[in-house]
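Worksheet: one structure, shown below.
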There are 2 protein chains.
Amino acid sequence: MVKNRIEQKCIQKGLRMTEQRKVIAQVLSSSDDHPDAEELYRRTTSINNSISLATIYRTLKLFNDNGILEKHEFKDGKFRYEMVYKDHHDHLIDIETGKVVEFRDEEIEKLQEKIANKLGYSIINHRLEIYAVKKNK
Amino acid sequence: MVKNRIEQKCIQKGLRMTEQRKVIAQVLSSSDDHPDAEELYRRTTSINNSISLATIYRTLKLFNDNGILEKHEFKDGKFRYEMVYKDHHDHLIDIETGKVVEFRDEEIEKLQEKIANKLGYSIINHRLEIYAVKKNK
DNA sequence: TTATATGCAAAACATTTGCACTTGA
DNA sequence: TCAAGTGCAAATGTTTTGCATATAA
């Protein structure tokens with residue numbers, strides 16, 4: 001039986017693989033967007049309906065604590081999640097459609113280090129979100 | 001009677017100046033930090049205790065909608081507010097003490113324009129938060 | 001005068017938690 | 001076997017809202 005990336009990480013971390021966690025891992029692995037808890041609940045129950053919202057939340061917290069996924073909060077009032085098997089990247093949010101575009105820019109990464117440095121700090125992490133609209137319409 | 005900056009903006013926008021709004025405007029004008037609704041409630045009621053939390057929320061929304069203040073959501077789960085009479089700036093949050101340091105960097109501003117541009121977007125606004133710890137301790 | 005703002009308490013909303021039961025290793 | 005995970009429903013914490021009353025212009 002083939003294991004998805006998240007399931008592999010769970011095993012590697014020694015997490016107990018319950019039926020529910022497998023389904024959540026599977027859904028997350030095959031998602032390339034940024035779903036919130038409610039949306040994940042919808043996706044998982046369509047595969048296996050013996051999963052509660054509480055378990056979704058507990059599992060998301062577990063995965064987040066274990067560095068398996070990242071928790072975002074774009075300006076829509078709820079948390080959204082994303083696997084962390086990709087390299088670090090930032091987000092541009094289309095405020096008309098809600099679409100999220102990922103990008104990475106080395107210069108910006110370096111500049112932030114420099115700024116924190118100048119202020120006497122070491123960066124732990126950062127959040128850069130650009131809210132924008134499509135050009136030339 | 002001298003009017004504070006926020007009160008001036010309200011008048012300029014044609015907002016009705018109630019007793020409550022005056023007090024909230026006064027508190028915000030003399031705050032140079034990033035208080036949340038609960039904290040503002042504390043500060044305003046110490047001046048005039050005929051202000052309800054509901055009014056705080058309604059007034060913050062009103063001021064935000066009118067571009068009089070900015071709403072932030074650092075990673076502590078609540079909204080925090082700040083006047084927008086200063087120039088745009090970003091935030092560095094000390095994750096050990098919760099202290100918020102403001103900074104502005106032209107290069108980063110320009111870079112973001114460039115990135116959005118390359119992706120085919122025009123920036124409406126952005127959010128850059130650096131979470132960091134003090135160096136050499 | 002009267003449209004708008006307010007206080008209060010109830011509702012809304014996403015998220016968390018206590019507890020009895022179930023399950024993975 | 002039994003520590004750890006789960007479902008359910010109730011609790012939480014922040015923010016919003018309906019409604020009767022009060023107030024700014």
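In this text, all values refer to a predicted model and were calculated from it rather than measured experimentally. What's counted below: heavy atoms across the whole structure, side chains too, no hydrogens, waters or symmetry copies. Proteins get letters first, then strands, A, B, ... in listed order; numbering begins at 1 in each.
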With sequence neighbours left out, write down each residue that passes salt bridge (charged side-chain N to carboxylate O under 4.0 Å, His left out) with A/Asp90, or none if nothing qualifies.
none

In whole angstroms, the gap separating C1' of D/dC8 from CD1 of A/Ile56 amounts to 15 Å

Where does the chain A footprint on DNA chain C start and end, counting 5' to 3' with a 4.0 Å heavy-atom cut-off?
C/dA14 to C/dA25

With axes from five pairs an end, tell me the bend angle of the helix from C/dT1-D/dA25 to C/dA25-D/dT1, nearest 10°.
40°

Name all residues meeting the salt bridge (charged side-chain N to carboxylate O under 4.0 Å, His left out) criterion together with A/Lys75; count only those two or more places apart in sequence or in a different chain, and write none if there are none.
none

Indicate every side-chain donor-acceptor pair of residues 65-73 of chain B with a distance under 3.5 Å to a residue at least two apart or in another chain.
unit_1: B/Asp65; atom_1: OD2; unit_2: B/Lys61; atom_2: NZ; d: 3.1
unit_1: B/Asn66; atom_1: ND2; unit_2: B/Leu62; atom_2: O; d: 2.9
unit_1: B/His72; atom_1: NE2; unit_2: B/Glu82; atom_2: OE1; d: 2.6

Of all residues at least two apart in sequence or in a different chain, which pass the side-chain hydrogen bond (donor to acceptor under 3.5 Å, both in side chains) check with B/Tyr41?
none

Considering only residues two or more places apart or on different chains, which pairs with a residue in residues 40-53 of chain B satisfy salt bridge (Lys or Arg N to Asp or Glu O under 4.0 Å)?
B/Asp33-B/Arg43, B/Glu39-B/Arg42, B/Glu39-B/Arg43

Contact state string [nucleotides 12-24 of chain D, B base, S sugar-phosphate only, - no protein heavy atom under 4.0 Å]
--SBBBB----BB

Rest of the hydrophobic cluster containing B/Met17 (Ile/Leu/Val/Met/Phe/Trp/Tyr, side-chain heavy atoms under 4.5 Å)?
B/Ile11

Which pairs would a plain distance check flag for residues 111-125 of chain A, meaning a side-chain donor or acceptor within less than 3.5 Å of a matching protein atom at least two apart in sequence or in another chain?
unit_1: A/Gln112; atom_1: OE1; unit_2: A/His126; atom_2: ND1; d: 3.2
unit_1: A/Asn117; atom_1: OD1; unit_2: B/Lys135; atom_2: NZ; d: 2.8
unit_1: A/Tyr121; atom_1: OH; unit_2: B/Asp94; atom_2: OD2; d: 3.4

Any donor-acceptor N/O pair, B/Arg21 side chain to B/Arg16 backbone, under 3.5 Å:
yes

Sequence neighbours excluded, the answer for side chain to side chain contact (heavy atoms under 4.5 Å, CB included) partners of B/Ser50 is B/Asn48

I'd like to check the salt bridge (charged side-chain N to carboxylate O under 4.0 Å, His left out) partners of A/Arg104; sequence neighbours left out, ordered by chain and number.
A/Glu106

What is the distance, to the nearest angstrom, from the CZ atom on A/Phe63 to the P atom on D/dG5?
11 Å

